[in-house]
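The block underneath contains the structure these notes are about, expressed in structure tokens.
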Amino acid sequence: ERFWKQYQPYADPGFKDKLAKRFHHHFWEMYLACTLLYQDHVLVSKRREKGPDICISKGNSCIWIEACAPGPGEGPDAIPLPRLGEAEYVPEEKIVLRLRAAIHEKWKKYKEYLASGTVSHPDPYVIAINGAYVSYSSSGDLELPYIVQAVSRIGPRYATLNRETLEVVDEGYAMRPKILKMSRQPVSTDIFLEKEYEGISGVLFSRARVGNLPYKLGGEFVFVHNPRTLNPLPRGCIKAKREFWCKDDLWIEG
């Protein structure tokens, strides 16, 4: 109710009906907008239901944000629910695939917005993903969050040991430009190295949900800048707990 009082002036006319039908997805949109207001951004009220979910006014331009909240997926590539009380491997590749698919779907929406004239080519465009219902996707304790792995072709961390002394002689991150689906179809994980995605300024990730809110609004955000975007955002534009960007082909957090 508190969020709704803040967000109501900026919501599209049918937001309350949408919230009733797909609660978490639209709660995420509302929570995100309230967090941006908390960070002193100026939002533009939506007068129609079509177009990106959130618009930040920046002088004579706009920063558009499209929110999505994917679930575990369906079929053989779906992410299984954790089994309580049992040790098991985390299905990392399925998590990365799920996040990658969510980004791709919202990139297709971006192309539609460009075609209709809703969004202009010079306008920054951010895809904001909530992974609360993507099992295992919490990225708070990972050195390299799954959302970074979904766009950068960087894979899991590795270490090479000396067989005799067991000392670590080499360590780093494996390169993983593709992941094979269960159908053996390859899916690229280097979205931010591909020219066709240059309209995406960055991706934002959160696992906030109505029953598990962070102590501070946006205190759980992870923001990943697209190094090859045509419409870059300055670092710190959207405040996040963790922020990643690429310089000289190296991913940096700061």
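FYI, side chains are in, hydrogens and waters are out, and symmetry mates aren't considered; it's all heavy atoms of this structure.
With contacts defined as side-chain heavy-atom distances shorter than 4.5 Å, the pair Asp190/Val151 does not qualify. Taking 4.5 Å as the limit, every side-chain heavy atom of Glu105 sits out of range of all side-chain heavy atoms of Cys68. Leu99 places a side-chain heavy atom less than 4.5 Å from the side chain of Phe205. Within the 4.5 Å cutoff, no side-chain heavy atoms of Pro72 are placed close to those of Arg98. In this structure, the side chains of Leu204 and Ile129 stay at 4.5 Å or more apart for every pair of heavy atoms.
Between the Asp17 side chain and the Gly14 main chain, no donor and acceptor come within less than 3.5 Å of each other. No side-chain donor-acceptor contact under 3.5 Å links Thr160 to the backbone of Val169. A donor-acceptor pair under 3.5 Å is formed between the side chain of Thr229 and the backbone N or O of Asn231. The closest donor-acceptor contact from the side chain of Glu171 to the backbone of Arg157 lies at 3.5 Å or more, if one exists at all. One N or O on the side chain of Arg242 and one on the backbone of Glu143 form a donor-acceptor pair closer than 3.5 Å. With hydrogens and angles disregarded, a donor-acceptor distance shorter than 3.5 Å links the side chain of Ser45 to the backbone of Pro9.
Contact between Gln149 and Gly155 at its shortest, heavy atoms only, is OE1-C, 4.0 Å. Between Pro91 and Pro80, the shortest heavy-atom contact is CG-CD, 4.2 Å. Here the shortest heavy-atom pairing between Pro124 and Ser201 reads CA-OG, 3.2 Å. Scanning all heavy atoms of the two residues, the minimum distance from Ile65 to Ala128 falls at CG2-CB, 3.9 Å. Taking both residues in full, the closest heavy atoms of Thr118 and Pro52 are given as CG2-CD, 4.0 Å, listed atom of the first, atom of the second, then distance. Across all their heavy atoms, Ile95 and Tyr136 have their closest contact at CD1-CB, 3.4 Å.
Leu114 and Ile127 fall within a single hydrophobic cluster, where Ile, Leu, Val, Met, Phe, Trp and Tyr are joined by side-chain heavy atoms under 4.5 Å apart, directly or via other members. Leu230 is not connected to Val126 by any chain of hydrophobic side-chain contacts under 4.5 Å among Ile, Leu, Val, Met, Phe, Trp and Tyr, and they are in different clusters. By the rule that hydrophobic residues join a cluster once side-chain heavy atoms approach within less than 4.5 Å of another member, Leu193 and Phe244 end up as members of separate clusters. Under the 4.5 Å side-chain heavy-atom criterion for grouping Ile, Leu, Val, Met, Phe, Trp and Tyr, Ile56 is not connected to Val44 through any hydrophobic cluster. In terms of hydrophobic clustering, with Ile, Leu, Val, Met, Phe, Trp and Tyr side chains grouped at heavy-atom distances under 4.5 Å, Met30 and Tyr133 are assigned to different clusters.
The structure places NZ of Lys94 at 11.5 Å from OG of Ser135, a figure rounded to the nearest 0.5 Å. The line from CZ of Phe3 to CD of Glu29 is 13.5 Å long, rounded to the nearest 0.5 Å. The CG atom of Asn226 lies 11.0 Å from the OH atom of Tyr197; values are rounded to the nearest 0.5 Å. Interatomic distance, CG of Leu217 versus CG of Leu36, reported as 10.0 Å (0.5 Å rounding). Rounding to the nearest 0.5 Å gives a distance of 10.5 Å between CD1 of Ile154 and CZ of Arg176. Between the OG atom in Ser116 and the NZ atom in Lys111 there is a gap of 12.5 Å [rounded to 0.5 Å].
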Quiz item: Where do His41 and Leu37 land on the side chain to side chain contact (heavy atoms under 4.5 Å, CB included) test, with the steps shown first?
Solution: CA-CA 5 Å; His41 290 286; Leu37 289 170; over 6 Å; no
Practice problem: Show the numbers, then the answer: is there a ring-ring contact (aromatic ring centres under 6.0 Å, His included) between Tyr110 and Trp64? | Solution: CA-CA 10 Å; Tyr110 170 70; Trp64 298 96; over 10 Å; no
Practice problem: Report the C-alpha separation of Lys109 and Glu112 in whole Å, then their side-chain angles, then the decisive distance to 0.1 Å, and conclude whether the side chain to side chain contact (heavy atoms under 4.5 Å, CB included) test is met. | Solution: CA-CA 5 Å; Lys109 293 291 293 184; Glu112 293 177 10; 3.6 Å; yes
Practice problem: Would you please test Trp107 and Ile191 for side chain to side chain contact (heavy atoms under 4.5 Å, CB included) and show each step? | Solution: CA-CA 10 Å; Trp107 170 80; Ile191 286 177; over 6 Å; no
Practice problem: Would you sort out whether His25 and Asn130 count as a side chain to side chain donor-acceptor pair (under 3.5 Å), showing the intermediate values? | Solution: CA-CA 8 Å; His25 178 93; Asn130 184 291; over 6 Å; no
Quiz item: Do Ile103 and Ile147 pass the side chain to side chain contact (heavy atoms under 4.5 Å, CB included) test, and can you show the C-alpha distance, the side-chain angles, and the key distance before you say yes or no?
Solution: CA-CA 10 Å; Ile103 295 169; Ile147 192 64; 4.1 Å; yes
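Residue Ser188 forms a side-chain hydrogen bond (donor to acceptor under 3.5 Å, both in side chains) with just one option from His104, Arg153, Arg100, Lys178, and that option is Arg100.
Among residues two or more places apart in sequence or in another chain, the salt bridge (Lys or Arg N to Asp or Glu O under 4.0 Å) test is passed with Arg228 by none. Legend: residues meeting salt bridge (Lys or Arg N to Asp or Glu O under 4.0 Å) with Glu243, ordered by chain and number and at least two apart, are absent.
Within a 6.0 Å sphere centred on CG of Asp249, heavy atoms belonging to other residues, nucleotides or ligands number 12 at most. The neighbour count for Met175 CE, taken as heavy atoms of other residues, nucleotides or ligands under 6.0 Å away, is above 12. More than 12 non-hydrogen atoms from other residues, nucleotides or ligands lie less than 6.0 angstrom from CD of Glu88. In the displayed structure, Glu86 atom CD is contacted under 6.0 Å by more than 12 heavy atoms of other residues, nucleotides or ligands. Open room surrounds CD on Glu167; 12 or fewer heavy atoms of other groups in view lie less than 6.0 Å from it.
There is no side-chain donor-acceptor pair under 3.5 Å between His26 and Asp53. For the 3.5 Å distance criterion, the side chains of Glu220 and Ser206 qualify, holding a donor opposite an acceptor. A side-chain donor-acceptor contact under 3.5 Å links Tyr113 and Glu66.
For an aromatic pair to be called close, the ring centres must be under 6.0 Å apart, and Tyr7 with Tyr31 fails this. The distance between the ring centers of Phe223 and His225 falls below 6.0 angstrom.
The aromatic rings of Phe192 and Trp251 sit parallel, their planes meeting at an angle under 30°, below the 60° perpendicular limit.
Side-chain heavy-atom separations under 4.5 angstrom define the hydrophobic clusters, and the remaining members of the one that includes Ile252 are Trp245.
In summary, Lys18 and Asp12 engage in a salt bridge, as defined by a charged side-chain N under 4.0 Å from a carboxylate O.
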